[in-house]
Amino acid sequence: MAELFVAGLSHKTAPIAVREQLAVEEDKLREILADVHATGALSEVLILSTCNRVEVYGVADVPGEARALAFRRLGQHRGVDLARVEPLLYTKSGAEAVHHCFRVAASLDSMMLGEPQILGQVKDAFGLAQSCQTVGPLLHHLWSQAFAVAKKVRTQTELARHAVSVSYAAVELARKIFSSLNGKAVLLIGTGKMGELAAKHLVDQGAFPIFVANRTWARAQEMARALAGTAVPFDEWPEALGSVDIVITSTGAPEPIVRRAQVERSIQSRRSQPLFFIDIGVPRDVEPGVNELNAVFCYDIDDLRQVVDSNLRERLREAQKAEALVEREVAKFLARAQDHAVVPTIVSLRERLEAIRRGEVEKAYTLLPDADAQTRRAIEAMSQAIVNKILHTPIVTLRERSRGGHGRSWTEMVHELFGLAGRGEEK
Amino acid sequence: MNLILFDLALVVYLLATALALIHLVQRKEAIYRLAALATLAGWVLHTLALVVRGVELGRPPLGTLVEAMSVVGWACVLFTLWAERQYGVKVLGAFVLPLVALSGVSGAWLPPGLGDLAPALKNAWISVHVILAMLGIAAFVLNFAGGVMYLLQERQLKAKRPGALYYRLPSLETLDRMTYRALTLGFPFLTLGLLLGALWARTAWGSVFAFDPLALFSFLAWLVYAATLGGRAVAGWRGRRAAYFAVLGFSALVLTLGAGLLLPGKHGS
């Protein structure tokens with residue numbers, strides 16, 4: 001009987017040296033999918049290949065054999081021997097495979113918990129397998145459910161809510177000070193890489209206008225162009241302090257360039273409008289005392305890292321909620337699938353009894369050639385009632401048992417007891 | 001009949017308070033929805049209770065300080081339900097509902113007769129005076145809650161160690177806007193309410209204050225709010241200073257209540 005399985009390796013089981021040799025690009029993957037499917041060992045197959053995992057999702061009669069076949073073929077591409085890969089592989093089947101699939105899609109198995117790329121990657125893998133026609137009803141059902149679960153995790157937990165990069169953490173902090181960044185003025189002092197990145201995030205969130213100050217005028221102009229902002233001469237930036245909302249500093253200066261006294265002066269004209277300093281420079285560009293001023297907040301690189309650490313802890317907490325949600329969804333999925341699995345057995349059982357009934361009723365009619373319409377109706381009704389009453393308990397029991405996870409042995413028993421044709425093939 | 005309704009409303013409020021606090025800790029959307037539902041249910045029961053009480057008494061249920069406090073709680077819940085939606089501040093209930101529940105509980109435990117109004121005060125003019133003042137006070141409870149939330153969030157941001165509250169509280173700007181809105185909502189009500197009271201006092205007793213501690217303290221609270229409003233509108237006060245004034249104003253209101261309950265004066269007792 002064909003069974004759902006997943007076999008593969010990930011950042012948790014295999015070093016990058018192995019993963020990079022098995023990872024394949026789309027065109028090659030198309031070819032491999034077709035080859036593996038053509039062997040007939042797998043009735044359905046999907047391959048997920050990212051830099052953190054290479055996994056084969058399939059439906060096969062003998063998962064072990066199918067797994068060897070698929071990874072031998074994957075290894076061929078860069079000449080990796082199956083024997084080298086095999087010890088690193090994990091295989092899960094049935095309920096465990098469903099669980100794994102949902103966790104991967106929901107980014108619970110990712111190196112960085114809750115990272116958003118994985119969902120796009122699994123959707124691509126699914127699209128590719130679909131276009132190669134290697135996806136059948138079971139994988140189709142599994143993955144469409146997995147996408148729905150991933151969406152639920154995103155909306156119902158905060159797994160992916162809080163920033164885990166320094167530059168994005170700065171943006172989030174800004175949004176805890178200003179509710180919206182729309183129309184917030186930004187001053188960028190210095191043109192370090194991280195400062196630029198943070199400024200870009202702010203621009204993406206609607207911050208405007210952007211001013212750029214740098215000791216080298218040409219560099220300031222270049223950066224201003226990149227951010228759709230305005231370059232200001234380096235010695236004029238203190239004047240801008242009175243009118244901007246966010247200041248990002250990332251210079252290579254050995255001494256702080258933003259002094260407490262300067263900021264204090266600018267506060268007069270600000271009427272305690274919040275001012276947020278993001279100091280990414282090392283050594284620091286903003287005097288630490290600035291943070292003590294009313295309505296002024298100053299975060300240096302260590303402060304930002306601390307926020308990131310705290311966000312990571314938040315993600316771990318949220319991951320527990322997400323895991324519970326996934327468990328519930330797996331249970332639901334299995335219940336539906338098992339309901340589905342006993343349907344053919346129930347149908348053939350009904351057909352079998354109906355055939356017996358028909359035969360016996362015909363026999364009765366030959367013994368009662370003079371039976372009038374009323375008698376015939378009574379015979380029909382009585383025989384149908386007997387069949388239905390006999391079937392009622394077995395059908396209910398079959399459904400219940402299959403939900404309890406023992407569907408297969410029970411369907412087999414029913415097939416044997418009633419001499420039904422076929423073994424209720426699982427799709 | 002109406003006492004059962006009040007008790008029922010109180011029990012539902014306590015439930016809503018518990019749910020709102022659980023939501024503050026766990027941040028589960030489902031719990032927030034339950035809390036919001038319980039709050040609404042409590043408010044509906046509370047409304048019914050007030051109406052039934054009014055019909056039974058044949059006058060608005062504003063005859064004692066305890067009854068007036070009940071109206072403050074009622075308006076408070078109404079404003080909170082509105083502000084939670086308007087400003088997307090889902091944790092507001094966790095800050096306001098405990099106060100509402102507390103006032104309900106303490107109201108239920110006060111010895112009967114304490115805070116009863118002088119019989120001279122039971123007329124329609126006075127009802128209008130009371131209801132306006134109570135609506136104003138309800139808005140100032142919101143103003144106070146917003147101020148406290150602002151101070152908590154500001155402290156978190158200054159300390160740079162994001163604690164549990166950092167993630168739960170909204171942005172400083174949102175909190176400041178909400179606090180300001182509550183102030184502009186409550187101030188006209190309180191002003192009109194006090195004005196009516198003063199006018200009535202002058203006609204009845206010939207003096208605006210007439211050695212009444214409750215009136216004196218409420219005038220003090222009014223002064224604090226007037227100063228905050230002026231500072232906000234003219235001098236551009238905002239943020240921390242405005243939040244401190246929200247706390248100060250609320251303290252004056254609590255003193256007013258204490259004075260009304262414990263000190264002898266023209267309002268009663």
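By convention in this document, chain letters (A, B, ...) are assigned in the order of the sequence lines, proteins followed by strands, and residues within each chain are numbered from 1.
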How many angstroms lie between atom [atom1] of [X] and atom [atom2] of [Y], to the nearest 0.5 angstrom?
{"X": "A:L181", "Y": "B:S171", "atom1": "CG", "atom2": "OG", "value": "9.5 Å"}
{"X": "A:Q156", "Y": "B:K28", "atom1": "CD", "atom2": "NZ", "value": "10.5 Å"}
{"X": "A:N294", "Y": "B:K158", "atom1": "CG", "atom2": "NZ", "value": "6.5 Å"}
{"X": "B:Y167", "Y": "A:E172", "atom1": "OH", "atom2": "CD", "value": "8.0 Å"}
{"X": "B:R240", "Y": "A:S272", "atom1": "CZ", "atom2": "OG", "value": "9.5 Å"}
{"X": "B:L172", "Y": "A:F178", "atom1": "CG", "atom2": "CZ", "value": "9.0 Å"}

Intermediate values then yes/no, side chain to side chain contact (heavy atoms under 4.5 Å, CB included), A:N291 and B:K160: CA-CA 10 Å; A:N291 189 55; B:K160 302 172 181 179; 3.6 Å; yes
Heavy-atom side-chain contact between B:Y166 and A:L173 under 4.5 Å: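 In contact.
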B:W237 and A:R271, any side-chain heavy atoms less than 4.5 Å apart: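 No, every pair of side-chain atoms sits at 4.5 Å or beyond.
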Portion of [X] that has a non-hydrogen atom of chain A nearer than 4.5 angstrom:
{"X": "B:R177", "result": "side chain"}
{"X": "B:A164", "result": "neither"}
{"X": "B:L169", "result": "backbone"}

Heavy atoms of other groups near B:R161 CZ, more than 12 under 6.0 Å: no
A:Y168 atom OH: more than 12 heavy-atom contacts under 6.0 Å: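 No, OH of A:Y168 has 12 or fewer neighbouring heavy atoms, counting only those of other groups under 6.0 Å.
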Region of A:Q273 that comes under 4.5 Å of a non-hydrogen atom in chain B: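 Backbone plus side chain of A:Q273, per the 4.5 Å heavy-atom cut-off to chain B.
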Region of A:D309 in contact with chain B, defined by heavy-atom distances below 4.5 Å: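 No part of A:D309 comes within 4.5 Å of chain B.
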Check ion pair A:R175-B:E173 (N to O, under 4.0 angstrom): no
B:V25 versus A:R317, closest heavy-atom pair with distance: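 For B:V25 versus A:R317, the nearest heavy atoms are O-NH2, 3.8 Å.
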Nearest heavy atoms of B:E154 and A:F297, plus distance in Å: CG-CZ, 3.8 Å
Winner by heavy-atom pair count (cut-off under 4.5 Å) against chain A, out of B:A30, B:G239, B:G236, B:G88: B:G236
Polar contact flag, side-chain donor to acceptor under 3.5 angstrom, A:S179-B:Y87: no
B:Y180: ring pair (Phe, Tyr, Trp, His ring centres under 6.0 Å) partners, not counting sequence neighbours: none
